[in-house]
Amino acid sequence: MPNIHFQNLGPEQWKAEVMLVPFCEGEVEPALHPELDKVVPWLAVAPALRDLRGEKDELALVHGHPKLSVPRVLTVGLGPRNALEMDTFREAIAAAVRLCVKKEFSSVLLPEPLLAGLPGGRERLVEEAVCAALLALHRFSALKKKPEQAVKGPEWIALGFTGGNPDYLHAAARRGENAADAVSMARELANMPGNLLPPQAIAERAEQLAGECGFSCTVFNETELEKQGFGALAAVGGGAARPPRLVVLEHAPEGRGQEKPLIFIGKGITFDSGGLCIKSAAGMGEMKSDMSGAAAVLAAVAVAARENAPRRLIGLLACAENMPGGRAMRPGDVVRTVNGDTVEIANTDAEGRLVLCDALSWAQKEWTPVAIIDIATLTGACAVALGRGVAGLFCDDAELAERIRAAGGACGEPYWELPLWKPYAEHLKSEIADIRNMGPREGGAIHAALFLRHFVAGSARWAHLDIAGTDWAEKASALCPKGATGFGTRTLLELARGGVL
Ligand code: BES
Ligand code: ZN
Ligand code: ZN
């Protein structure tokens, strides 16, 4: 990742191979942007400008003299001002940075005073611009023979300021940089194939990050899990040669070791074959990312700890491989969960809710949380209902739901609320156990959420995020190559950064 630095001494001192200049539609008129005149006075007389409109997706390189401190401008069209959304802004910045990569520019300048005139709020615009610029550069190249040659991006990206005391804007830029780091980390984990990232490897990565970022990490192996009563998690991992793990992360700022923690729980199925209820071959490969929830939790906690976020956080990664081995759980089996309830396994492919129910119960046994948020690639039904652009949010606490929607909305991770429809709880009744792990196909995302809800005490604040549709991109965009998206990571990081819930 390129280094981000600040040029604080005003436009006359700015220096870079190229400067990005955003324009809204109909505003490609240097006279409308007095700041512009100070940095690149030549732009006002550049004939190329006459052909530009500032339309969405319009990118144009305009050259000044090569000896100038900013010899080029890359204009970035944003479309009409009154329709400008943060998503468009992020995509536009990312597309511009991609063009800079193609042109092999070694340095790029983002002029803060020109961003400040756009709708969205000054700090947010800086944070999002930096985050988008960095995400545009991230590629999953860990498995290429020569990873260093995968993308040759700029060596540095600078933010240009007018002077004064832009400390709060520097902080916003650092938040953007950290957010991009977290998302990249989550993508890196979720793109990693099942053979290379079994539960134990997630645990080891967590331990390594704990050392680097300064949080604590405890790993429960299969023997300890059994001792603690994690019958459902153990059953899911039973069919795999590589055993399950529960990874417990904790970030406690100084003096806050005893405060009620905010708890994140991530589904960490390192590969979901479906188990004995095996999936069909088509699309099974995508199930290597069935640990996207755990990846989001790990990345968010790691970066929040590195930033020394102001609140106590616990992250639980419920990790197992769902395989059809000789010790695999069978349809019809009954297992006992951490809270003592028995679950009838109606379908071994509904394994996510099984690993999560043990983690949910355990979280409430160990701590008095301020809130619990679980995140999981839980149901194909959620993807069918909502498509690939928006994730499902289940929460009976209106204030918590709003916090989550606001956090996601601010960083390009939208959620749509689906109901925890009480009458459907009926469908989860079992003849022989306390609950069964599957309801009818219709309303599948709701049934999964209701199953989880069974394990949440009435008094606990809890939300469930179903990211089955959003965690994987079928098509590349400027902000994200094909593959894992890291969806949810920024939402959790936003919540971790925020004040009291
Ligand atoms: N990991 C899948 C859900 C999923 C599907 C995620 C597609 C991403 C893309 C989950 O474990 C699963 O298999 N769910 C079943 C549940 C059913 C058996 C009740 C499903 O959605 O079909
Ligand atoms: Zn499954
Ligand atoms: Zn799954």
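Atoms within a ligand are numbered from 1 in the order they appear, just like the ligands themselves. Residue indices begin at 1 and follow the sequence shown.
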Checklist entry - Closer than 4.0 angstrom: is that true for some heavy atom of His447 and an atom of ligand 1? => result no
Checklist outcome for this item: When distances are taken from atom 16 (C) of ligand 1, the protein heavy atom at minimum range is Arg353 NH2, 3.7 Å
Next on the checklist: Judged on heavy-atom distance to atom 7 (C) of ligand 1, which of Lys279, Met284, Met287, Met438 sits nearest?
Outcome noted: Met287
Checklist entry - With a 4.0 Å cut-off, would you call Glu399 and Arg461 a salt bridge? => result yes
Next on the checklist: Side chain, backbone, both or neither: which applies to Asp272 and ligand 1 if a contact is any heavy-atom pair less than 4.0 Å apart?
Outcome noted: side chain
Checklist entry - With respect to the Zn ion (ligand 2), what is the nearest N, O or S atom of Glu351? => result OE1
Checklist outcome for this item: Restricting Asp272 to its N/O/S atoms, the closest one to the Zn ion (ligand 2) is OD2
Item to check | Side-chain donor-acceptor pair present, Gln208, Glu212, cut-off under 3.5 Å | outcome: yes
Item to check | Any side-chain donor near an acceptor of the partner, Asp290 and Thr377, under 3.5 Å | outcome: yes
Item to check | Parallel, tilted or perpendicular, as decided by the 30° and 60° cut-offs, for the rings of Trp462 and His464 | outcome: parallel
Item to check | Leu378 to ligand 1, any heavy atom closer than 4.0 Å | outcome: yes
Item to check | Gly380 N/O to ligand 1 N/O under 3.5 Å | outcome: yes
Item to check | Proximal ligand 1 atoms for Ala468, defined as those under 4.0 Å from one of its heavy atoms | outcome: 6 (C), 8 (C), 9 (C)
Item to check | For Lys267, atoms of ligand 1 separated by under 4.0 Å from a heavy atom | outcome: 1 (N), 10 (C), 11 (O)
Next on the checklist: Show the atoms of ligand 1 that are less than 4.0 angstrom away from any heavy atom in Asn347.
Outcome noted: 18 (C)
Item to check | Those atoms of ligand 1 less than 4.0 Å from some heavy atom in Thr377 | outcome: 1 (N), 2 (C), 3 (C), 6 (C)
Checklist entry - Short list, please: which atoms of ligand 1 are under 4.0 Å from a heavy atom of Glu351? => result 11 (O)
Checklist entry - Should Glu402 and Arg405 count as an ion pair when the cut-off is N to O under 4.0 Å? => result yes
